[in-house]
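Here is the structure we will look at.
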Amino acid sequence: MKALIASSYAPVDQLSVAEVPASSPGPGEVLVKVVAAALNPLDAKLATGELKEMFPVQHPFVLGMDAVGIVTAVGDAVSGFAVGDDVAVYGRGTLAEYVVVPVGPGLVHLPRGLDAVRGAALVTVAMTAECVIAAAEVEPDHDVLVVGATGGVGGLAVQLAAQEGARVFATAAPADTAYARDLGAHLTIDHTGSDTVEEALRLRPEGFDTVIDLVNAGVSLRATARAVRRGGRLVSTLYGPETIDDLTPVYVYMTPESGDLARQAARVAEGRLAVDVAATYPFARSPQAVADLVAGVYTRGKVVVTF
């Protein structure tokens, strides 16, 4: 079968579509023919070796974590899934014509009314956003600042926080201001033309109940922490210091068990959550799709590869 692979740790311009051995489902597994697969920044970081000290991979490495497809074979001891089922997948190596997936929280039936492209786009970001909002302990009338509000996770975090009754302040480039407002942002902050923290504190001098930073990592989080009011929370999906002055950041690491994929897929299908797709690429152009994602061609939403 064909797959998007990294033959070694190298820049993304060396990714290629190549033949790899096909797999068969074992006990408790299903084989899924991929219809659409979404890209995540982590895919590129794993392929280039940026995270090889924490997350080493074996080569050839097949990219991809999110997909929607059709079950074409089931292994022994599988219940609840049958050949022909439309499914959403959180797994490994989904940027391939076929992927083997264990039955569990990373494999759910695709709800009626949810197309393959949006279904693939929601998988990781929806589960991550759910975990972020839970960690943020958002309550009605809270002031919440979302840094990185127009990305895949950010766009859903804005919606979920607003639905909890919070006043959401979202960072957005001028071209994305209306988009952020449509998601539920109370006010937007132009991160391209001003210092995000300074502008946020101008709007809320006392600071924010919760700051969700989906962009900055390491020592850069110290600047973001200035926007948190005393007793407030700083939530990050990346990494940074264990403590920043008298503040203890909360770092969120999503797992299929901690994010309910079936529930979030149903909410998108019912129109209660919107998933923005920035662009779709045919599988043959998937190396270019990754390169464009890394180059920052798209400032909001998800990039999806179709088969």
V108/Y90 under side chain to side chain contact (heavy atoms under 4.5 Å, CB included): CA gap, chis, key distance, verdict: CA-CA 9 Å; V108 302; Y90 174 81; over 6 Å; no
Any donor-acceptor N/O pair, [X] side chain to [Y] backbone, under 3.5 Å:
{"X": "T171", "Y": "I189", "value": "no"}
{"X": "T94", "Y": "D66", "value": "yes"}
{"X": "T150", "Y": "T299", "value": "yes"}
{"X": "E199", "Y": "D190", "value": "no"}

Gap between atom [atom2] of [Y] and atom [atom1] of [X] - 0.5 Å precision:
{"X": "L46", "Y": "K52", "atom1": "CG", "atom2": "NZ", "value": "13.0 Å"}
{"X": "M1", "Y": "E19", "atom1": "CE", "atom2": "CD", "value": "9.0 Å"}
{"X": "D143", "Y": "H186", "atom1": "CG", "atom2": "NE2", "value": "7.5 Å"}
{"X": "I212", "Y": "T224", "atom1": "CD1", "atom2": "OG1", "value": "12.5 Å"}
{"X": "L39", "Y": "K302", "atom1": "CG", "atom2": "NZ", "value": "7.5 Å"}
{"X": "T280", "Y": "R285", "atom1": "OG1", "atom2": "CZ", "value": "10.0 Å"}

Would you check if there is a donor-acceptor pair between the side chains of R267 and Q163 at a distance under 3.5 Å? yes
Quiz question: by atom type and distance under 3.5 Å, do the side chains of Q264 and D260 form a donor-acceptor pair?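 Judged by distance alone, the side chains do not pair up.
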Please report the closest heavy-atom contact between [X] and [Y], naming both atoms and the distance.
{"X": "R226", "Y": "V197", "answer": "NH1-CG1, 3.6 Å"}
{"X": "V215", "Y": "V147", "answer": "CG2-O, 3.9 Å"}
{"X": "V158", "Y": "A180", "answer": "CG1-O, 4.4 Å"}

Relative to the ring of F307, is the ring of F283 parallel (under 30°), tilted (30 to 60°) or perpendicular (over 60°)?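 Parallel.
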Over 60° means perpendicular and under 30° means parallel, so classify the ring planes of Y281 and Y298, tilted if in between. perpendicular
Residue pair I133, V235: steps toward the side chain to side chain contact (heavy atoms under 4.5 Å, CB included) verdict: CA-CA 9 Å; I133 295 303; V235 178; over 6 Å; no
Do H109 and F81 have ring centres separated by under 6.0 Å?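 Under 6.0 Å, so yes.
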Side chain to side chain contact (heavy atoms under 4.5 Å, CB included) evaluation trace for T48 with V12: CA-CA 7 Å; T48 60; V12 293; 3.8 Å; yes
Is any side-chain heavy atom of [X] less than 4.5 Å from a side-chain heavy atom of [Y]?
{"X": "V211", "Y": "R233", "value": "no"}
{"X": "D209", "Y": "R229", "value": "yes"}
{"X": "R92", "Y": "M65", "value": "yes"}
{"X": "T188", "Y": "R181", "value": "yes"}
{"X": "P56", "Y": "Y9", "value": "yes"}
{"X": "S7", "Y": "Q14", "value": "no"}
{"X": "V303", "Y": "D292", "value": "no"}
{"X": "N216", "Y": "L238", "value": "no"}

Determine whether V103 and V30 satisfy the following criterion, side chain to side chain contact (heavy atoms under 4.5 Å, CB included), listing intermediate values before the conclusion. CA-CA 7 Å; V103 174; V30 301; 4.2 Å; yes
Mark yes when over 12 heavy atoms from residues, nucleotides or ligands other than E257 sit less than 6.0 Å from its CD; otherwise mark no.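 It does: E257 CD has more than 12 such atoms within range.
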V62: which of L4, I5, V99 passes side chain to side chain contact (heavy atoms under 4.5 Å, CB included):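 One option only clears the test, and that one is I5.
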Under the salt bridge (Lys or Arg N to Asp or Glu O under 4.0 Å) rule, collect the residues that match up with D176, sequence neighbours excluded.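 By the salt bridge (Lys or Arg N to Asp or Glu O under 4.0 Å) rule, D176 matches R300.
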